[in-house]
> 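Below: one structure in structure tokens.
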Amino acid sequence: MAFTMRAVKVPPNSASLEEARHRVFDFFRQACRAIPSIMEIYNLDDVVTPSQLRSTIAKEIRKNQGVTNPKVIDMLLFKGMEELGNITEHAKQRHHVIGQYVVGQKGLVQDMEKDQGTSDFLKKFYTSNYS
């Protein structure tokens, strides 16, 4: 098999919540520093700006702001570092990055806001097929 696994460094567990918090900020800085190379690798200049990617990264981190267990934070950081490594090593294709981080988890906005129609037939059709 020609594929070789790169050794993923597993950082030691955080001793406290404060240490885990510092690691999250370090990860955020590391991810933001990788944005220019990600933009170049995936040719994202026509789709998104670096500031939009930065805010997407911040939003993904803020999703877990209620987590207070340092071990859980370390596990989430490991998953984030692995994801960042996959993206910077070009293990994902362009449409994967656009779908996950540019368009978002909910899909295109125009797909979510379909015209529900005014006739009773269309209302019944939409409720039976989209509910």
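Residue numbers count from 1 along this sequence.
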> Say you draw a straight line from NZ of Lys79 to CG of Asp74; how long is it, rounded to the nearest 0.5 Å?
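Going from the NZ atom of Lys79 to the CG atom of Asp74 covers 13.5 Å.
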
> Are Ile73 and Leu17 packed together at the side-chain level, in the sense that at least one heavy-atom pair is separated by less than 4.5 angstrom?
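Yes - at least one pair of side-chain heavy atoms lies under 4.5 Å apart.
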
> Please evaluate residues Glu19 and Arg23 with respect to the criterion salt bridge (Lys or Arg N to Asp or Glu O under 4.0 Å), reporting the C-alpha separation (whole Å), side-chain torsions for both, the decisive distance (0.1 Å), and the verdict.
CA-CA 6 Å; Glu19 184 181 347; Arg23 288 184 183 194; 3.0 Å; yes

> Working to the nearest 0.5 angstrom, can you tell me the gap between Leu84 CG and Glu89 CD?
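Here the rounded value is 9.5 Å.
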
> How many angstroms lie between CD in Glu82 and CG in Leu77, if you round to the nearest 0.5 Å?
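With rounding to 0.5 Å, CD (Glu82) is 12.5 Å from CG (Leu77).
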
> Indicate yes or no: at least one non-hydrogen side-chain atom of Ile98 is less than 4.5 angstrom from one of Tyr42.
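No, too far: nothing below the 4.5 Å cut-off.
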
> Test Val48 against Thr56 for side-chain contact (heavy atoms from CB on, under 4.5 Å), laying out the working first.
CA-CA 11 Å; Val48 69; Thr56 301; over 6 Å; no

> Would you give the length of the straight line joining atom CZ of Arg21 to atom OG of Ser14, rounded to the nearest 0.5 angstrom?
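These two atoms lie 13.0 Å from each other.
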
> Let's go through Ile87 and Ile41 carefully: what are the C-alpha distance in whole Å and the side-chain angles of both, what is the deciding distance for side-chain contact (heavy atoms from CB on, under 4.5 Å) to 0.1 Å, and is it a yes or a no?
CA-CA 9 Å; Ile87 291 172; Ile41 290 170; over 6 Å; no

> Is there side-chain contact between Arg29 and Asp26, with heavy atoms separated by less than 4.5 Å?
yes

> List for me each residue that meets salt bridge (Lys or Arg N to Asp or Glu O under 4.0 Å) alongside Arg62, sequence neighbours excluded, and say none if there are none.
none

> Working to the nearest 0.5 Å, report the span between CE of Met81 and OG1 of Thr88.
12.5 Å

> Using a 4.5 Å cut-off on heavy atoms from C-beta on, say whether the side chain of Leu44 contacts that of Leu53.
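Yes, their side chains come closer than 4.5 Å.
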
> Quick one: which of Lys59, Glu60, Gln52, Glu83 gives a side chain to side chain donor-acceptor pair (under 3.5 Å) with Tyr101?
Glu83

> Rounded to the nearest 0.5 Å, how far apart are CG of Asp46 and CE of Met39?
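If we round to the nearest 0.5 Å, Asp46:CG and Met39:CE are 8.5 Å apart.
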
